[in-house]
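As structure tokens, the structure follows; a few thoughts come after it.
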There are 2 protein chains.
Amino acid sequence: MSDEGDLERRELALLLRRLNVELDAVTARFAEVHGLNRTDVRALVAIMDAARRGEALTAGRLGEAVDLRSASVTALVDRLEKVGHVRRVRDPEDRRRVGLEMSESAMVAGAEHFGGLARDLTAAMDGYTDEELAVVRRWLEDMTAVITRHNRA
Amino acid sequence: MSDEGDLERRELALLLRRLNVELDAVTARFAEVHGLNRTDVRALVAIMDAARRGEALTAGRLGEAVDLRSASVTALVDRLEKVGHVRRVRDPEDRRRVGLEMSESAMVAGAEHFGGLARDLTAAMDGYTDEELAVVRRWLEDMTAVITRHNRA
DNA sequence: GTCGAATATCTCGATCGTCGAGAGATTACC
DNA sequence: GGTAATCTCTCGACGATCGAGATATTCGAC
């Protein structure tokens with residue numbers, strides 16, 4: 001491998017890091033606009049993702065998703081419920097469980113912000129051939145695998 | 001554009017998001033291993049980046065880098081200094097300013113964790129031709145531009 | 001069916017990170 | 001020299017998170 005090639009590889013790693021910073025800013029911006037903190041946004045995203053999969057997240061599952069203890073989840077859901085973003089729904093099958101349902105307004109706000117970004121991203125990929133996108137996909141999967149392994153080890 | 005192509009583009013956006021999550025976990029892991037919180041790690045990274053550029057960050061500049069008010073920066077530097085990761089060095093040119101210098105041990109720990117990841121990432125790019133990496137670079141720059149614009153607007 | 005263990009959530013008190021307001025020290029400008 | 005601007009720090013308050021334990025519900029063994 002050439003020295004130039006190695007330099008290019010390092011630059012790609014730096015580009016990836018810069019992209020990561022900008023992606024974090026997406027969350028931060030949504031939080032600021034809607035008067036939420038970072039955890040609240042992560043929770044809403046987790047609930048929205050689950051809803052898209054057809055599941056209704058319980059308080060406990062949400063805690064696992066955002067890595068919080070039960071006491072913090074209670075406070076978290078209290079905050080989100082107070083501003084009307086989620087509803088607590090006791091599960092009739094198992095009345096210990098509390099299901100979480102996003103309000104219509106929160107769904108709309110989330111779809112507007114994150115869905116809008118997703119639309120812009122896919123649109124920006126129009127200038128790429130299928131072959132090029134296949135290369136990008138392979139690269140993304142490879143990098144993700146390396147990072148995941150790094151986190152586990 | 002074909003429907004399959006559009007689906008592929010959406011999947012790439014999801015892959016990017018997944019990669020973002022794993023990259024965040026890198027920071028979280030370093031924090032956990034070294035008994036720091038997220039902000040502390042971001043601060044150390046900012047100081048290390050500045051050092052690599054040959055600058056010594058002041059308390060104020062660090063606050064801008066990690067988006068904290070002066071009161072929080074004081075507390076932040078107190079924490080880092082207490083565990084021996086940074087030193088306060090009064091600037092002899094302008095004695096209002098406080099320069100921040102990373103300790104040798106902190107530099108080593110950071111290089112080990114983040115440098116090790118960077119090494120693995122670049123190594124994983126060995127299986128790519130220069131042309132393929134050029135495509136990846138273009139894609140990363142395009143996506144970053146879209147996200148940055150999204151954050152500004 | 002009943003009783004104890006397991007599960008799911010909540011309450012309470014404590015801790016820590018962040019902030020606004022303002023003080024203290026130093027430098028820049030006129 | 002005196003005043004405004006700059007940089008950092010102190011103080012008191014607030015909010016997010018946690019551990020420990022309380023409460024309610026379900027499951028399993030008998």
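Within every chain, numbering begins at 1; the chains are lettered A, B, ... in the order of the sequence lines, protein sequences first and strands thereafter.
With sequence neighbours left out, the side-chain contact (heavy atoms from CB on, under 4.5 Å) criterion links V136(B) to L12(A), V135(A), W139(A), L140(B). Qualifying side-chain contact (heavy atoms from CB on, under 4.5 Å) partners for T148(A), counting only residues two or more places apart in sequence or in other chains: T144(A), R152(A), R18(B), E22(B). For D78(B), the side-chain contact (heavy atoms from CB on, under 4.5 Å) criterion is met by T74(B), R88(B), not counting sequence neighbours.
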I'd like a table of donor-acceptor pairs (distance under 3.5 Å, sequence neighbours excluded) in which one partner is a side-chain atom from residues 25-34 of chain B, with atom names and distances.
residue, atom, partner, partner atom, Å
R29(B), NE, N151(A), O, 3.4
R29(B), NH1, N151(A), O, 3.4
R29(B), NH2, A153(A), O, 2.2
H34(B), ND1, F30(B), O, 3.1

Show every donor-acceptor pair shorter than 3.5 Å between a side-chain atom in residues 35-47 of chain B and any protein atom, with sequence neighbours excluded, or say none if there are none.
residue, atom, partner, partner atom, Å
N37(B), OD1, T39(B), N, 3.0
N37(B), OD1, D40(B), N, 2.8
D40(B), OD1, R79(B), NE, 3.2
D40(B), OD1, R79(B), NH2, 2.8
D40(B), OD2, R79(B), NE, 3.4
R42(B), NH2, V66(B), O, 3.0

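An OP1 or OP2 oxygen of dA25(C) is reached within less than 4.0 angstrom by no side-chain nitrogen or oxygen of R97(B).
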Working for side-chain contact (heavy atoms from CB on, under 4.5 Å), residues L76(B) and L62(B)
CA-CA 10 Å; L76(B) 162 62; L62(B) 174 61; 4.0 Å; yes
R9(A) and D6(A): CA distance, side-chain angles, deciding distance, salt bridge (Lys or Arg N to Asp or Glu O under 4.0 Å) verdict:
CA-CA 5 Å; R9(A) 285 168 175 80; D6(A) 196 47; 5.7 Å; no
If you apply the rule side-chain contact (heavy atoms from CB on, under 4.5 Å), what do you find for V77(B) with L100(B), and how did you get there?
CA-CA 8 Å; V77(B) 177; L100(B) 302 173; 3.8 Å; yes
Apply side-chain contact (heavy atoms from CB on, under 4.5 Å) to the pair I147(A) and L23(B), showing each step before the final yes or no.
CA-CA 7 Å; I147(A) 298 167; L23(B) 269 180; 3.7 Å; yes
Pair M102(B), H85(B) - check side-chain contact (heavy atoms from CB on, under 4.5 Å), show working.
CA-CA 6 Å; M102(B) 278 191 72; H85(B) 287 338; 5.9 Å; no
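Taking OG1 from T122(A) and CD from E11(B), the interatomic distance works out to 12.5 Å, rounded to the nearest 0.5 Å. Taken to the nearest 0.5 Å, the CG atom of N20(B) stands 12.5 Å off from the CG atom of L15(B).
D40(B) places its CG atom 7 Å from the P atom of dG17(C), with the value rounded to the nearest Å. The distance from atom CG of L76(A) to atom C1' of dC10(C) is 14 Å, rounded to the nearest whole Å.
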Between the protein and nucleotides 27-30 of chain C, are there any N/O to N/O pairs under 3.5 Å, and if so, what are the atom names and distances?
residue, atom, partner, partner atom, Å
dT27(C), OP1, R95(B), N, 3.1

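Here the range on DNA chain D touched by chain A, meaning any atom under 4.0 Å from one of its heavy atoms, is dA16(D) to dT26(D).
Other residues, nucleotides and ligands place no more than 12 heavy atoms under 6.0 Å from the CE atom of M107(B).
Using a 4.0 Å heavy-atom cutoff across all strands shown, R61(A) reaches no nucleic acid atom at all.
Side chain of S72(B) to backbone of L68(B): no donor-acceptor contact under 3.5 angstrom is found. Judged by distance alone, the side chain of R90(B) and the main-chain N or O of G99(B) form no donor-acceptor pair under 3.5 Å. Although no hydrogens or angles enter the test, the distance criterion places no donor-acceptor pair under 3.5 Å between the side chain of S103(B) and the main chain of V86(B).
Under the 6.0 Å distance and 45° angle rule, R138(A) counts as a cation-pi partner of Y128(B).
Residues from residues 66-73 of chain B with heavy atoms under 4.0 angstrom of DNA chain C, sorted by number: L68(B), R69(B), A71(B), S72(B). For the segment residues 42-51 of chain B, no residue has any heavy atom less than 4.0 angstrom from an atom of DNA chain D. Near-neighbour residues of DNA chain C inside residues 26-34 of chain A, defined by a heavy atom below 4.0 Å, are absent.
Note on residues 109-121 of chain A: no pairs pass side-chain hydrogen bond (donor to acceptor under 3.5 Å, both in side chains), not counting sequence neighbours.
Both R79(A) and R88(B) lie near DNA chain D, and the one whose nearest nucleotide falls closer to the 5' end is R88(B).
A rotation axis mapping the C1' atoms of four pairs onto the next four is fitted at both ends of the helix from dG1(C)-dC30(D) to dC30(C)-dG1(D) over five pairs, and the angle between these axes is 20° to 10 degrees.
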